[in-house]
Structure formats: structure tokens, C-alpha cells
There are 2 protein chains.
Amino acid sequence: MKISTKGRYALRLMTDLAIHKDDGYISIKSIATRQNISEKYLEQIIKLLAKENLVESTRGAQGGYKLTREPIEYTVGEILRVTEGSLAPVACLETDDNPCENCMDCVTLEIWQCVLDAVNKVVDSITLQYLVDKQKEKGNCICC
Amino acid sequence: MKISTKGRYALRLMTDLAIHKDDGYISIKSIATRQNISEKYLEQIIKLLAKENLVESTRGAQGGYKLTREPIEYTVGEILRVTEGSLAPVACLETDDNPCENCMDCVTLEIWQCVLDAVNKVVDSITLQYLVDKQKEKGNCICC
DNA sequence: TGAATTCCTAGTAAATTTGTAGTATATTAT
DNA sequence: ATAATATACTACAAATTTACTAGGAATTCA
């Protein structure tokens, strides 16, 4: 039941972008340096966020990424779902397509649905702005 | 954020044992056949449950496993934690030892703690007896 | 004694995660 | 124009975890 580095790095990445939201476009390189994360790996993660329009980019010198909205308009849940794929504990609950076709009355499915709902409720109640505030208050912890 | 087959198989295994709770010791072989799960793999999973005294065993002919308590006295959460290791979304929240020593004020740790609490609350509120009742009502669905 | 069964240790194949590498393309400053 | 700086894209590779498989020792019962 682990969150992967993709999701965790994405939160740090987005928090970093939020903190520098008034500094124009921010390069992956500078984020990678500050957060001590592989530049190339960050590139792949931010691509997922860009595809879903959570961030926008420009190429070339002075290029980089920036948020498309205000930090308070993002939830942690949304960031995690874009990067982790889904927070569902079983594949059967993954996006629309197949809620377990041949097995609508699966005994355990309802449990996984409750778990998913509970997780979503938590992560959807926390905004990116909250992370920014905490970060400014507590310092730049990057372990979890 | 997936539950592995270990946890899912464990639920089916325990439900199977609960349904046959008055039939004496139940062999792995018979469970494996009914549930269509590898015998050897089940053996490893049930070992985890035996170590924590959720089931007891006897060897030899007519041997096998049985529950140590009534089905209503087990929660799904307990079964999952024994087999999955922990339901924590990050390693920092894993069992006592290190709640992130060098980083007590990790920005995201508190989010993961809330997620863990929410998950535990759900799975701890469901008993094995509930799974048995549902199974008897709905039939032997084994997909999730 | 022999069949059935758990107990124990190791190995292994497949899948997933976590990156690396290299090149093409675009933008800006000089 | 050209050089420097970035993203965009594709492919590959190492490391880790998951999901099994294999084989034999120990135990129990008929």
C-alpha cells in the first residue's frame, strides 16, 4: 500500500513551483538541485503534470515550468492521482473502464471501494497552499 | 497504492477457514483447490498468519489449519496488516522503530499519517464474520 | 510402515519502480 | 547567425519487489 516516489516527488515538485510562483518560469535543473532529485526523472514526472495541465512550460533559455493556477486551487489528491495513476487499492476500481465486469457482487470489492473513498477524502481535503504554508513554517524537509 | 495478492489471498483464505470452522483442521491443499490459488504460495501466506496466532495448525494426516477465534473476533485490518506488513503509505510510518528520526517536522508526513488512519479506520471496522455473511449471500466471488 | 500434511529454506521468473542516456526541438541573449 | 539554455521525446537499464516454484525434513495418524 505504498505511495511511489513519483507521487512523493510530485508533491515536492509542485510545492517548489508554488513557492517560486512569482519568479517566472522555473527550470527542472533548479528544482532538481534544490530538491536533490534526478533531473531526468523529474522531467518524466513533470511531463505527467503538464499533460493534465497542472503546469505549463516554455522551452529555451529562461524557460521552464510554472503553475497554471493558484496554489490553493490544487489538492494533494489531484496531484497524486495524476502521477500515481490512481489511488485505488485494487485494479478493479481503476478508472471507469472495468469495475469488475464479470463480478459485480465481489465480496471484497466493497471494502476496497470504502478504502479508496477514505483515502480520496483525506488527500482531497488538503491544498497545495497548505503544503507551502507548512514548508515555510517548518523548513525544507524532504524525507517522506 | 495497491494491496498485493498476499493480502487479498489472505482474506479469501481466512474467509474459507471461517466458513469451514466446524470441520476440524482444513488442509492447505483443499483451500488451494477451492480458491484456485497456488498451494505453495498459500503455505507462505498462512505461515504469516500462524506466526501471529491468527490460525493454528497440526501436521500429519488429517492435519491442517483452523481459526483460533470466532470469525467475528477478527478484523479485515488485522488480517491485512499481518500479511501486507503495514498499510502505511510511506516507510517512515512503518512500525514504531523510525518515525522519521531526522525529520520530525516533515511537511508531508502528517498527510501520510492521516491517510493511514483513514485506511485503518475502514478496515478495522469490518469483521471476518461480515465477509462470511456476504460470501454466503452472494456466492464465491474471487476476483478482487 | 506409509500416506498425508505442515514446516523450512532457497531459488527464480515476471513485473514494476526508479532511474539513465542521447538526441531533437525550441527560445533567448549576444 | 550563433551559442547557450531549456524542454520534448524515445528508448534502454538497473534495482527492487512481487508472485510464485522446488525440494526435502519433520510430524501425525491409520
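Chain letters run A, B, ... following the sequence lines, proteins first and then strands; every chain starts at 1. Excluded from the calculations below are hydrogen atoms, water molecules and symmetry mates; all remaining heavy atoms, backbone and side chain alike, are included.
Note: NZ (B:K29) to C1' (C:dA3) measures 10 Å, nearest angstrom. Between A:E43 atom CD and C:dT18 atom P the separation is 18 Å, expressed in whole Å. One atom, NZ of A:K66, and another, P of C:dT27, lie 15 Å apart when rounded to the nearest Å. Between the CD1 atom of B:I26 and the P atom of C:dT6 there is a distance of 10 Å, given to the nearest Å. The NZ atom of B:K40 sits 13 Å away from the P atom of C:dT9 (whole-angstrom rounding). Computed from coordinates, the A:K6 NZ to C:dT16 C1' distance equals 10 Å when rounded to whole Å. Following rounding to the nearest Å, A:R8 (CZ) and C:dG19 (P) show an atom-to-atom distance of 9 Å.
Distances from the side chain of A:R59 to the nucleotides D:dC29, C:dT27, D:dC20 place C:dT27 closest. Of all nucleotides listed (D:dA19, C:dT18, D:dT7), D:dT7 comes nearest to the side chain of A:Y65.
Neither OP1 nor OP2 of D:dA6 sits under 4.0 Å from any side-chain N or O of A:T58. Note on B:S4: every side-chain N or O is 4.0 Å or more away from OP1 and OP2 of D:dT17. Dashed line: the shortest gap from a side-chain N or O of B:S57 to OP1 or OP2 of C:dT5 is not under 4.0 Å. Here A:Y25 does not reach the OP1 or OP2 of C:dT27: none of its side-chain N or O atoms lies under 4.0 Å away. Of the side-chain N and O atoms in A:T5, one or more sit less than 4.0 angstrom from OP1 or OP2 of C:dT18.
Taking OH of A:Y130 as the start and CD of B:E110 as the end, the distance is 3.0 Å to the nearest 0.5 Å.
For the pair B:R69 and B:E78, the salt-bridge criterion is met [side-chain N within less than 4.0 Å of a carboxylate O].
A donor and an acceptor atom sit less than 3.5 Å apart, one in the side chain of B:Q44 and one in the base of D:dT21. On a pure distance criterion of 3.5 Å, no polar donor-acceptor pair joins the side chain of B:E39 and the base of C:dT6.
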